[in-house]
> 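My structure is below; once you've seen it, I'll send some questions.
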Amino acid sequence: MNGTATVSKDPSAGDTANTSLPSLEAWVAEVAALTRPDRIHWCDGSDAENEALLAGMLADGTMVKLNEQAYPNSYLHRSDPDDVARVEHLTFVCTSDRDDAGPNNHWMAPADGHAKVDALFDGCMQGRTMYVVPYCMGPIDSPLSRCGVEITDSPYVVANMRIMTRMGAPALARIEREGSFVKGLHSIGELDPERRFIMHFPEELTIKSYGSGYGGNALLGKKCHALRIASHQARNEGWLAEHMLILGITSPKGDTHYIAAAFPSACGKTNLAMLIPPEGYLKDGWKVSTIGDDICWMRPGADGRLYAINPESGFFGVAPGTSKKSNANALASLQRDAIFTNVGVTADGQPWWEGIDNGQVPATDWRGEPYDPAKRPAAHPNSRFTVSARACPSYSPEAENPAGVPISAIVFGGRRASLVPLVFEARDWTHGVLVGAAMGSETTAAATGAVGVMRRDPMAMKPFCGYNFADYFAHWLSFDNGRNKLPKVFHVNWFRKGDDGKFLWPGFGDNLRVLEWMIGRAEGTAAAVETPIGHLPAEGSLALDGLELGEEARDKLFGFDREGWRAEFDSIGEYLDSYGERMPQALKDEQQRIASALA
Ligand code: O2Y
Ligand code: MN
C-alpha cells in the first residue's frame, strides 16, 4: 500500500491539518514520503490511545501481559536477542567540522551521515504505522524544558516515551507556541546489527536512529536528545545538560539541600537517587527525596545559583539486582503500570530477575525459552523496567517545580578499588571541573570482560557528550564568571577495596553519612583537612557511629597516598594533552598546580 497513508490526529480530523506549525507538518510529510508508511498516527498521549496501542501489541506478540493480580497493568517486551543495549560503536555525532565532535565521539560529515541513514529509511515503514510523538523534556510549563518530536514505527517506543517524557497534546501545544523542536526519526528497520546507526546532527537539532528497538537507541528523548543534542544546545544557550541524578536531603532542622551526582554505568545511580536513610538517621528525622535518577539540566537562576530539573518523567532502570534490600523504592515503583524489557517470568506470569530475592523462581528466560541456568540467566543483565517517576515513594513534588531546584553540591564518582578515598571536596570550581574531567572508573567483568581496567569517563559523559570534550570543559569553566554562586564540588568512591579484595565501605543507605558531610561543608559547619588533591573529612567530622570500620578501612577511606596520586596526576596530564590545542589552559594549569604540590 505505497504512498497512500491514512493520517489521523483524531478519527474525526478529516483532512484538516494535524498541527498549526507548518515546519512540523512539512517535516512529517517529508519523512512519510521517504519511509512510506501505510498509516500515520499523531499521538495525543491519552489513556484511550495507550490502551489501543497495548491491545495491538498484545495481539501481535510485541507485549506479553503479566500477572494482573500481582502486577496490575504491566507488560513484558522481549527485544531481539541482538538488540539488548546501547551501541556506542554505531553512535555518531555529525558536525561540519570533525574537531567539533572531538576525539570523544565517532564522527561522520553531516551529508554522509544523512545519506547513509536515509538510504536505510527509504521505504522502511511500508506496511507499518508511523507514529508522530510530540514530547516535552521537563515539566511542561518550565522555561528550562525543551521539546522534541519523535517519529517512530515502534508502538513499544510510543508506550515507553509516554512514561519517560511528558508526551502528547500538551507537548504539541508548547511546540506550536515555541515554533521549534528537536527532530528525531526512528525506525526499528530489520533489527539487523549490520544495518544499525544512531546518528546525531547537533547543528540541525536532529537525530536519526535506524535498526534498533531498544532503550537509549530508540527512546530518542533520553540519551540522544536529553544528553547528546541537549549538551550542544546547552553550550549555545548557557546551561548544562548532564548525566546526573538529582536528590533532595532534608535534615532534622527542616532544611532541604539538593545534590546532583554523576556516575558511570553500574555505579548505583538509581540506588543513590532513591536512598533510604539508615535507621538512626530515620529516627532523627532525615529524609531523602528523588528528583531524577539519570539526567539533570541546570542553569544559573537570577540569584546566581544553579537550578536543576530532571527532564525525564520516568525511570528506565536496570532490573537485575533490584530488591527490597538494595532499592526498596525502585521495587515499590514497579509493582503496577510497568513495562519490563528482557526479564524472566515465573510460572504464574510474574517478572523475575537475578537478585530480586523474593522467594520465587523463574520458569521462562528473557528469550522466552524454559529457564535453564546452564544456558543463560533468566533476565538479561541489561534488562529494564520502565515506570513513571510518580510511582516512586521517594519522588519529590519539587521535581514538577517549573523553576527547578537549587543545587548545593555536585558530586562526581567512579568505581576505584584503590587509591581514591571515600570523599574529597574540590578547593574551588576550576579544581572541581578538573575532578570531573579526570573521572575514571574500573570496568566490571559484566561490562567488558576486562576486569579492573581504569577508563576515563569525564563527568560520566563519555558516551553522551554531543561535542568535543575540550570545549565541554571550557563551557563548564565559563560558569565561574564572578556572578554565579556555584555549588561545591565533591568526588566520592563507594568502591574502595581492602587488601582482602572486599569493599571497605558499606554503601547504600550509609552513603547518607557522606552526603551529610557535604551538606555540612556547604553550610560551613563540617571540618576538613587540606591536601593537594582537595579537602578530606577531618577526623570526627563525618559520622561513623554504629559502623565497624577497622584501621585499614579508616586509613584507606580517609587517607591520602602521595605516591599513588603523583602517578594518577601524570596520567591525568596525559589525558588532557590527548585533546590537543582545544584543551583549556586553565585546566592544564590546575593539573600542573596539583602535580607540583604532589612532587
Ligand atoms: O538506554 C539504554 O539503552 C540502556 S543504558 C541506560 C539506561 C538508563 C539510564 N542510563 C543508562 C546508561 O547507560 O547510562
Ligand atoms: Mn545513564
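For ligands, and for the atoms within them, numbers begin at 1 and follow the listed sequence. These numbers come from a predicted model, not from an experiment.
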> Do me a favour and list the nearest non-hydrogen protein atom to atom 13 (O) of ligand 1 with residue, atom name and distance?
Arg86 NH2, 2.8 Å
> When you measure from the Mn ion (ligand 2) to each N, O or S atom of Asp294, which atom gives the shortest distance?
OD1
> Under 6.0 Å between ring centres, would you say that holds for Phe263 and His243?
no
> For atom 12 (C) of ligand 1, state which one of Arg384, Glu88, Met164, Lys223 supplies the nearest heavy atom.
Lys223
> For atom 9 (C) of ligand 1, find the nearest protein heavy atom and state the residue, atom name and distance (0.1 Å precision).
Asp294 OD2, 3.1 Å
> Within 45° of the six-membered ring axis of Phe464 and under 6.0 Å from that ring's centre, is NZ or CZ of Arg228 located there?
no
> About how large, to 10 degrees, is the angle NZ of Lys223, then the Mn ion (ligand 2), then NE2 of His243?
90°
> Given the ring of Phe197, does Lys208 sit roughly above its face, with NZ or CZ under 6.0 Å from the centre of the six-membered ring and within 45° of the axis?
no
> Among Ser265, Pro264, Ser441, which one satisfies side chain to side chain contact (heavy atoms under 4.5 Å, CB included) with Arg415?
Ser441
> If you take the centroid of each ring, where Trp contributes its six-membered ring, are Phe412 and Phe490 closer together than 6.0 Å?
no
> Pull out every atom of ligand 1 sitting under 4.0 Å from any heavy atom of Gly216, numbered as shown with elements.
1 (O), 2 (C), 3 (O)
> Thinking salt bridges, do Glu194 and Arg196 make one under a 4.0 Å N-O criterion?
no
> Is the distance between the ring centroids of Trp353 and Trp366 under 6.0 Å?
no
> For ligand 1, does Lys269 get within less than 4.0 Å through its side chain, its backbone, both, or neither, judged by non-hydrogen atoms?
neither
> For His243, take its heavy atoms, then give the atoms of ligand 1 lying under 4.0 Å from any of them.
14 (O)
> What atoms of ligand 1 come closer than 4.0 angstrom to any heavy atom of Ser265?
12 (C), 13 (O), 14 (O)
